[in-house]
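These numbers come from the heavy atoms of this one structure, side chains and all, not from hydrogens, waters or symmetry mates.
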Amino acid sequence: MTPTDGPKDEPERLHKVMARAGVASRRTCEELIAAERVTINGKTARIGDRAGPADRIEVDGAIVTWDAATVHYLVNKPRGVLSAASDDRGRRCVTDLVPAGVRIYPVGRLDADSEGLIIVTNDGELTHRLTHPSWGVAKEYLAHVDGVPSRGALAQLRAGVELDDGPTAPAVVSMPQPSVLRIVIHEGRNRQVRRMCDAVGHQVLRLVRTRIGPLSDPALAPGEHRRLTDDEIREMHRAAQRRGG
């Protein structure tokens, strides 16, 4: 399943073409164009340029394939693995856990100390929808914390807490067992769940993402991956079209 924005034989905005071909999200593609790292038929591309199937698009000298096969993997990221496509220090990345073949990248953030579900894909449109804050796709975490949060602390998390980059949106929070919080958020700030718990006085000792929108898989072991089914891909696109995933 490859989402499209218009007829493939008509010129389209360059950043959309690049995103659909698996280069990166639309926003990142625009940044690459602005940084003059993209060419069309040998000429430096500009924001707003259009391209069609007959045009030769290159990023840093690498040719962009117009109709690259779209792949979607669900990965259970172990602790210590980076949520990145590559690392200049040679550290293990989440893309090392899935088969090579086409250029792919992880969707969103899951810091190295955290574990759990992450999507790895070259579907630029889905990546844009899942990571842009305006779409608000739900993500669920199990946070093992130091100490047992009080009812007041849980109420604070549910209402939103003040962080150094502004207040958080209200969250769905429960405590299925002492010192373990189930937290559902619709934002994607850096290390957000850890900072939220710190703000109410409970350091996170272990953090596991258990759901992305409608997507979960308790049987997927750490370090394992699988392809998303066509139904799951459709569900993810639908989830990314309505607030609250």
Side-chain angles (χ1 to χ4, degrees), residues 1-74 83-86 88 93-95 98-109 118-137 186-190 212-213 215 227-243 245:
M1 175 176 173
T2 304
T4 59
D5 297 291
K8 288 189 177 182
D9 56 350
E10 296 293 329
E12 296 181 64
R13 293 286 291 271
L14 180 57
H15 70 287
K16 292 183 179 181
V17 174
M18 293 168 60
R20 192 172 63 246
V23 174
S25 69
R26 288 187 184 187
R27 180 184 298 177
T28 300
C29 288
E30 287 186 316
E31 292 172 354
L32 291 171
I33 296 168
E36 300 188 348
R37 294 170 59 184
V38 184
T39 62
I40 304 175
N41 302 323
K43 297 182 179 180
T44 301
R46 304 297 180 194
I47 296 292
D49 282 354
R50 292 177 175 269
D55 293 311
R56 181 187 178 96
I57 304 168
E58 297 182 31
V59 179
D60 295 334
I63 298 174
V64 174
T65 303
W66 180 270
D67 282 319
T70 306
V71 296
H72 307 78
Y73 293 107
L74 181 66
S83 295
S86 61
D88 56 9
C93 297
V94 69
T95 50
V98 300
V102 294
R103 182 175 179 177
I104 53 179
Y105 43 88
V107 178
R109 299 185 180 103
I118 188 167
I119 295 171
V120 179
T121 185
N122 59 353
D123 186 337
E125 179 61 21
L126 182 60
T127 297
H128 171 73
R129 288 178 177 272
L130 291 179
T131 55
H132 196 280
S134 64
W135 299 103
V137 175
H186 295 84
E187 301 173 281
R189 303 192 211 177
N190 187 39
I212 306 169
L215 189 61
R227 280 185 179 259
L228 296 188
T229 67
D230 289 343
D231 284 345
E232 287 174 329
I233 296 169
R234 283 189 287 269
E235 281 296 310
M236 292 304 296
H237 277 279
R238 280 195 287 267
Q241 292 174 358
R242 58 180 184 271
R243 184 78 185 177

side-chain contact (heavy atoms from CB on, under 4.5 Å) assessment of Thr127 paired with Tyr105: CA-CA 9 Å; Thr127 297; Tyr105 43 88; 3.3 Å; yes
Full working for side-chain contact (heavy atoms from CB on, under 4.5 Å) between Ile33 and His15: CA-CA 8 Å; Ile33 296 168; His15 70 287; 4.1 Å; yes
Step-by-step side-chain contact (heavy atoms from CB on, under 4.5 Å) determination, Thr121 to Val107: CA-CA 7 Å; Thr121 185; Val107 178; 3.6 Å; yes
Verdict with supporting geometry, His72 and Leu126, side-chain contact (heavy atoms from CB on, under 4.5 Å): CA-CA 10 Å; His72 307 78; Leu126 182 60; 3.9 Å; yes
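Checked against salt bridge (charged side-chain N to carboxylate O under 4.0 Å, His left out), Arg227 has no partners two or more places apart in sequence or in another chain. Partners of Thr95 according to the side-chain hydrogen bond (donor to acceptor under 3.5 Å, both in side chains) rule, which considers only residues two or more places apart in sequence or in another chain, do not exist here. For Ser86, there are no side chain to side chain contact (heavy atoms under 4.5 Å, CB included) partners at least two apart in sequence or on another chain. Remark: Arg46 pairs with Glu36 by the side-chain hydrogen bond (donor to acceptor under 3.5 Å, both in side chains) rule, at least two apart or across chains. Every residue was checked against the side-chain hydrogen bond (donor to acceptor under 3.5 Å, both in side chains) condition with Asp88, not counting sequence neighbours, and none meets it. The salt bridge (charged side-chain N to carboxylate O under 4.0 Å, His left out) test applied to Glu30 returns no partner, not counting sequence neighbours.
The line from CE of Met236 to CG of Leu74 is 9.0 Å long, rounded to the nearest 0.5 Å. One distance of note links CD1 of Ile212 with CG of Leu130; it measures 7.5 Å at 0.5 Å rounding. Taking CG of Leu32 as the reference point, atom CZ of Arg27 lies at 13.5 Å (rounded to 0.5 Å). Here Ile47 contributes atom CD1 and Cys29 contributes atom SG; the two are 10.0 Å apart, rounded to the nearest 0.5 Å. To the nearest 0.5 angstrom, Glu12 atom CD is 8.0 Å from Arg50 atom CZ.
Annotation for Pro106 and Ile118: closest pair CB-CD1, 3.8 Å, computed over non-hydrogen atoms. Taking each heavy atom of Ala51 and Val17 in turn, the nearest pair found is O-CG2, 4.0 Å.
In this structure, Thr70 contributes its side chain and Asp123 its backbone to no donor-acceptor pair below 3.5 Å. Formation of a donor-acceptor pair under 3.5 Å by the Arg109 side chain with backbone atoms of Gly188 is found in this model.
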List, one per line, each side-chain donor-acceptor pair under 3.5 Å for residues 37-44, sequence neighbours excluded.
| from | atom 1 | to | atom 2 | distance (Å) |
| --- | --- | --- | --- | --- |
| Arg37 | NE | Asp60 | OD1 | 3.1 |
| Arg37 | NE | Asp60 | OD2 | 3.2 |
| Arg37 | NH2 | Asp60 | OD2 | 2.6 |
| Asn41 | OD1 | Arg56 | N | 2.8 |
| Asn41 | ND2 | Asp55 | OD1 | 2.9 |

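Counting heavy atoms from C-beta on, the side chains of His186 and Val137 never come closer than 4.5 Å. Residues Ile104 and Val98 have side chains in contact (heavy-atom distance under 4.5 Å, counting atoms from C-beta outward).
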